Visitor: 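Sharing a structure here in structure tokens format.
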Amino acid sequence: LARLQEELADANRRKDELSRQVTDLSKENSDAADRLVANSKLLEDLERQKSMTVHKSDLKAALDDAKRAETELALLQQKMSGLVDKGDLDTAKHTIASLEAQLA
């Protein structure tokens with residue numbers, strides 16, 4: 001009877017140890033799941049930032065294009081003004097028609 005009681009006590013100690021291990025593993029699993037969720041949110045944030053960076057680059061390129069167009073327009077206005085000042089209205093009209101054709 002004493003031997004059976006000792007074996008039962010050993011079995012209960014092993015059960016308690018296994019129960020603690022299961023509890024520890026459950027906590028580790030829960031912690032890993034929490035880290036996975038946090039990392040997923042970080043990845044989403046990084047993707048959003050990457051998209052914003054690409055969009056920012058696109059906007060910068062569009063702004064650069066607009067600045068070039070503005071410079072070209074100012075030069076064209078000077079040229080047109082010069083043609084009008086010289087009385088060369090035919091060339092001015094031809095230049096306007098050419099520009100309208102390019103824009104169409």
Side-chain angles (χ1 to χ4, degrees):
L1 181 62
R3 184 178 58 83
L4 287 176
Q5 287 176 333
E6 189 178 314
E7 287 178 12
L8 182 58
D10 285 345
N12 280 330
R13 281 190 291 276
R14 285 193 304 269
K15 181 185 86 118
D16 290 344
E17 178 59 29
L18 288 174
S19 179
R20 280 190 294 276
Q21 288 177 358
V22 165
T23 300
D24 290 346
L25 288 173
S26 292
K27 181 165 179 4
E28 287 177 24
N29 189 33
S30 176
D31 291 348
D34 290 345
R35 286 192 307 272
L36 180 61
V37 168
N39 286 340
S40 294
K41 288 180 181 178
L42 285 173
L43 284 174
E44 289 173 6
D45 288 347
L46 288 172
E47 285 298 320
R48 202 169 16 261
Q49 287 176 355
K50 180 181 174 185
S51 175
M52 290 170 70
T53 300
V54 169
H55 183 64
K56 182 180 173 184
S57 295
D58 292 345
L59 289 175
K60 185 180 181 323
L63 181 61
D64 290 344
D65 286 346
K67 286 179 181 178
R68 278 192 295 277
E70 186 177 34
T71 301
E72 290 173 7
L73 179 60
L75 292 173
L76 182 60
Q77 285 174 335
Q78 286 178 345
K79 179 180 177 183
M80 295 298 288
S81 179
L83 290 172
V84 170
D85 288 346
K86 291 180 187 174
D88 194 354
L89 296 179
D90 288 338
T91 303
K93 287 178 186 176
H94 175 67
T95 302
I96 291 171
S98 174
L99 287 173
E100 286 174 345
Q102 288 178 12
L103 294 175

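Note that the structure is predicted; figures quoted are calculated from it, not measured.
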Visitor: Has Ser30 got a side-chain atom pairing as donor or acceptor with Ser26's backbone, closer than 3.5 angstrom?
Guide: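 Looks like no, no N/O pair under 3.5 Å.
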
Visitor: Sequence neighbours excluded, which residues qualify as side-chain contact (heavy atoms from CB on, under 4.5 Å) partners of Asp64?
Guide: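 Scan of Asp64 (side-chain contact (heavy atoms from CB on, under 4.5 Å), adjacent residues dropped) gives Lys60, Arg68.
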
Visitor: Is a salt bridge present between Arg3 and Glu6, judged by a nitrogen-to-oxygen distance below 4.0 Å?
Guide: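 Judged by the 4.0 Å cut-off on N to carboxylate O distance, Arg3 and Glu6 do not form a salt bridge.
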
Visitor: Look up atom CG in Leu59 and atom NE2 in His55, then write down how far apart they are to the nearest 0.5 Å.
Guide: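 Answer for the CG-NE2 pair, Leu59 versus His55, is 4.0 Å.
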
Visitor: Distance check, rounded to the nearest 0.5 Å: Asn39 atom CG versus Asp34 atom CG?
Guide: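 Between Asn39 CG and Asp34 CG, I get 11.0 Å after rounding to 0.5 Å.
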
Visitor: Once you round to the nearest 0.5 Å, how far does CD of Gln77 lie from CD of Glu72?
Guide: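 Result: 12.5 Å between the selected atoms.
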
Visitor: Let me see the working for Leu25 and Val22 under side-chain contact (heavy atoms from CB on, under 4.5 Å), right down to the final yes or no.
Guide: CA-CA 5 Å; Leu25 288 173; Val22 165; 5.7 Å; no

Visitor: Using 0.5 Å steps for rounding, measure from the CG atom of Leu63 to the CG atom of Asp58.
Guide: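 Going from the CG atom of Leu63 to the CG atom of Asp58 covers 12.5 Å.
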
Visitor: Where the side chain of Ser57 meets the backbone of Thr53, is there a donor-acceptor pair that is under 3.5 Å apart?
Guide: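 Checking the backbone N and O of Thr53 against the side chain of Ser57, a donor-acceptor pair under 3.5 Å is found.
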
Visitor: Might you work through the side-chain contact (heavy atoms from CB on, under 4.5 Å) test for Leu8 and Gln5, ending with a clear yes or no?
Guide: CA-CA 5 Å; Leu8 182 58; Gln5 287 176 333; 5.5 Å; no

Visitor: For the atom pair CZ (Arg48) and NZ (Lys50), what is the distance rounded to the nearest 0.5 Å?
Guide: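 Reported to 0.5 Å precision, the distance equals 14.0 Å.
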
Visitor: So if you build clusters from Ile, Leu, Val, Met, Phe, Trp, Tyr with side-chain heavy-atom gaps below 4.5 Å, do Ile96 and Leu76 land together?
Guide: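 Hydrophobic grouping puts Ile96 with Leu76.
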
Visitor: Using atom types as modelled and distance alone, determine if a side-chain donor or acceptor of Thr95 lies under 3.5 Å from a backbone N or O of Thr91.
Guide: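 Judged by distance alone, yes, a pair lies under 3.5 Å.
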
Visitor: In this structure, which one of Gln21, Arg13, Lys15 forms a side chain to side chain contact (heavy atoms under 4.5 Å, CB included) with Glu17?
Guide: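 Looking at Gln21, Arg13, Lys15, the match for Glu17 under the side chain to side chain contact (heavy atoms under 4.5 Å, CB included) is Gln21.
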
Visitor: Between Arg35 and Asp31, is the closest basic N to carboxylate O distance under 4.0 Å?
Guide: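 No, Asp31 and Arg35 are not salt-bridged.
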
